[in-house]
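Quick notes on the structure that follows.
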There are 2 protein chains.
Amino acid sequence: MATIGDVAREAGVARSTVSSVLTGRKFVNPETKARVEAAIAALDYTVNQGARALATSRSMTLGLVVRFHESEFSPALATYIVAVTDVARANGYRTLLLTDFDGADAVRTVIRTRQVDGLVLLNVVEDDARIAPIVDAGFPAVLVGMPAEPSGIDAVDLDFSAGARMLVDHLADAGHRAATFVTWPEEVFVAGRTYAAHFRDACLEEARSRGLELRVLHAPVGPEAVKDALRHLLDTEKRPTALIVHNDAAIAMLPLVLRDLGLDVPRDCSVVSLHSAELGRQFGIPYTAVESQPERVSELAVEKLVARLGSPPEAASTVLVEPPLIVRGSVAGL
Amino acid sequence: MATIGDVAREAGVARSTVSSVLTGRKFVNPETKARVEAAIAALDYTVNQGARALATSRSMTLGLVVRFHESEFSPALATYIVAVTDVARANGYRTLLLTDFDGADAVRTVIRTRQVDGLVLLNVVEDDARIAPIVDAGFPAVLVGMPAEPSGIDAVDLDFSAGARMLVDHLADAGHRAATFVTWPEEVFVAGRTYAAHFRDACLEEARSRGLELRVLHAPVGPEAVKDALRHLLDTEKRPTALIVHNDAAIAMLPLVLRDLGLDVPRDCSVVSLHSAELGRQFGIPYTAVESQPERVSELAVEKLVARLGSPPEAASTVLVEPPLIVRGSVAGL
DNA sequence: CTGAAAGCGCTTACAG
DNA sequence: CTGAAAGCGCTTACAG
């Protein structure tokens with residue numbers, strides 16, 4: 001492995017001169033610069049990032065803190081992980097992966113050992129234990145997802161409230177006066193998943209203001225139970241005329257249950273949903289939907305963090321990404 | 001941030017003595033050691049990993065190279081990523097995530113900049129472009145998955161051939177003489193996914209030797225198409241008496257198609273499959289199956305790599321993890 | 001515009 | 001058993 005000293009010798013200049021062309025921070029005589037670059041190419045030299053990090057006290061590395069709970073494992077996780085890493089690299093940062101084996105301690109340790117310049121927290125929940133050590137240390141970080149209350153840390157999330165309003169409005173505009181809202185199991189709310197609560201609250205409020213009578217159904221856990229619940233909901237004379245679905249398992253199962261029952265959308269029942277494009281593709285979900293934006297959310301989060309790393313402290317803010325409504329004709333006019 | 005010098009001063013010893021207690025490589029007088037440890041605690045000192053890396057020329061970091069193709073995005077990816085990271089940490093290694101934005105170049109760069117001590121390649125395919133730069137550099141690495149031919153690099157994979165044989169034997173032992181083998185779309189084979197080929201080849205061979213007549217069905221791409229293909233396969237008088245399924249989409253859809261058609265397992269048709277436990281749980285798949293072992297495979301891969309990092313060069317080897325057969329009574333005796 | 005020197009925070013022979 | 005010195009590979013004031 002060639003070092004900066006080897007390059008300097010080869011080019012017949014001082015190491016600091018090589019460093020200057022490497023960092024681009026100083027003007028170097030074009031001729032000298034060319035010699036240095038030739039030497040770099042000849043020796044196949046690449047900078048030792050660790051040494052640079054030590055000298056500059058900037059690691060150019062972001063820590064990605066992943067929460068991983070067996071029970072709520074989402075296929076979307078990989079999408080966020082890859083997106084964050086891609087955007088980080090595009091901004092000149094590497095990504096160190098931190099699985100959240102011991103909650104707050106993992107965060108505290110990585111901050112103290114100065115391995116990363118900033119932290120991206122995935123899958124943030126209402127009362128997230130990882131937040132306190134970050135605030136205590138005043139460490140640069142960004143949350144993907146939202147805690148219950150402003151934490152003093154930048155956050156980026158999908159605008160679940162806006163998504164909920166879009167769906168309610170879409171139904172109301174078509175003349176619907178009632179619908180059933182299929183949401184997550186109770187335990188998801190208890191676990192502090194704010195996306196669930198934000199969507200629900202906005203949904204209920206918009207429904208009230210638009211005069212849409214809403215019935216709430218917390219889907220059970222497990223694919224078979226979800227199917228049975230849907231079947232039970234739909235296989236009756238008092239079948240709802242419209243469904244608002246915010247629950248991945250339920251929306252994945254719904255086409256099959258409807259087919260089972262010989263029901264047609266939108267003739268027998270109108271359906272709207274919020275889910276990821278990925279899920280939609282995987283299951284071929286054919287309904288009008290507000291699509292979550294994992295790549296976009298990841299991108300904004302990393303860019304926000306990177307911007308903060310370079311500039312003077314500034315008040316924290318939250319960015320909400322408005323999701324697009326993809327109309328697929330699954331709502332009947334009444 | 002306290003440094004080793006601060007600790008030395010606080011404890012009234014030399015920096016090298018502090019280093020000795022830090023690394024544990026040298027015997028230090030218990031009393032001195034206690035003083036040093038008190039100082040460390042008092043100053044809340046933690047070692048600067050980057051500086052240590054520079055001094056030791058060991059980064060204690062593993063690079064995790066993730067391939068990510070939109071078209072074949074698997075939810076299992078996150079499982080491997082998290083498992084690799086967990087096991088790496090248990091072995092004292094951090095994990096740097098490398099999304100494979102530009103194939104071989106990404107690998108080449110990370111090797112040359114010496115940011116990692118070793119590489120874990122996820123999702124290896126038949127003729128993987130990432131392998132050449134590793135072999136060229138003689139860099140420590142381990143493959144998760146198998147290339148077509150021995151590459152001179154350690155590899156760990158599920159034993160798909162053994163899994164195939166188990167399933168065929170399970171049917172044959174129950175007296176079955178014929179079955180339909182539902183496998184991946186042609187393009188998966190074309191894309192060089194060796195798991196598909198290994199399973200298929202072993203399946204065909206074992207079927208031949210056990211006198212099981214096997215019909216091969218390459219499932220189409222896309223959930224609706226898969227459902228239609230299964231329906232077409234099963235909704236006929238010449239319906240197969242048994243199914244061997246190696247295709248995530250197909251096995252996820254199968255219970256619903258069977259229910260649609262009013263068919264009972266195993267009365268009307270026996271079913272066996274190879275899929276991940278994760279998928280099985282998510283979709284409530286109730287059939288006898290050989291379950292892939294992402295955590296186990298990841299664990300062995302990391303341990304193999306770590307072992308290689310510590311010891312003298314040794315010939316590469318491939319470890320195949322034998323998957324367990326979980327009997328769920330979906331095979332009728334004939 | 002270029003270079004010599006100091007320093008980033010560690011570890012590791014080597015004396016003592 | 002402990003410490004002074006050199007070195008890991010860079011960058012950054014500071015002279016010149």
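Labels below follow one simple rule: chain letters A, B, ... track the order of the sequence lines, proteins then strands, and each chain is numbered from 1. Excluded from the calculations below are hydrogen atoms, water molecules and symmetry mates; all remaining heavy atoms, backbone and side chain alike, are included. None of the values given here were measured: they were computed from a predicted structure.
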Is Asn48(B) reaching over with its side chain to a backbone N or O of Gly50(B), donor-acceptor style, under 3.5 angstrom?
yes
Rounded distance (Å) that lies between atom P of dG7(C) and atom CZ of Arg58(A):
23 Å
Along nucleotides 9-16 of chain D, 5' to 3', which nucleotides get a B, which get an S, and which get a -, given that the test is a protein heavy-atom distance under 4.0 Å?
BBBBBB--
Are the side chain of Asp154(A) and the backbone N or O of Ala316(A) linked by a donor-acceptor pair below 3.5 Å?
no
Ignoring hydrogens and geometry, is there a side-chain-to-backbone donor-acceptor pair from Asn91(A) to Ala88(A) under 3.5 Å?
no
Nearest to the side chain of Thr17(B), which nucleotide is it out of dT2(C), dG3(D), dC1(D)?
dG3(D)
Check whether Thr194(A) reaches the backbone of Glu126(A) with its side chain - one donor and one acceptor, N or O, closer than 3.5 Å.
no
When you measure from the side chain of Asp117(B) to the backbone N and O of Met60(B), does any donor-acceptor pair fall under 3.5 Å?
yes
Given that Ser57(B) and Lys33(B) both sit by DNA chain D, which one's nearest nucleotide is further toward the 5' end?
Lys33(B)
Whole Å only: how far is the CZ atom of Arg9(B) from the P atom of dT2(D)?
19 Å
Assess whether side-chain hydrogen bond (donor to acceptor under 3.5 Å, both in side chains) is satisfied between Thr95(A) and Arg89(A), documenting all intermediate values.
CA-CA 8 Å; Thr95(A) 304; Arg89(A) 184 185 46 249; over 6 Å; no
Nucleotide opposite dG16(C) in a Watson-Crick or G-U pair, distances under 3.5 Å
dC1(D)
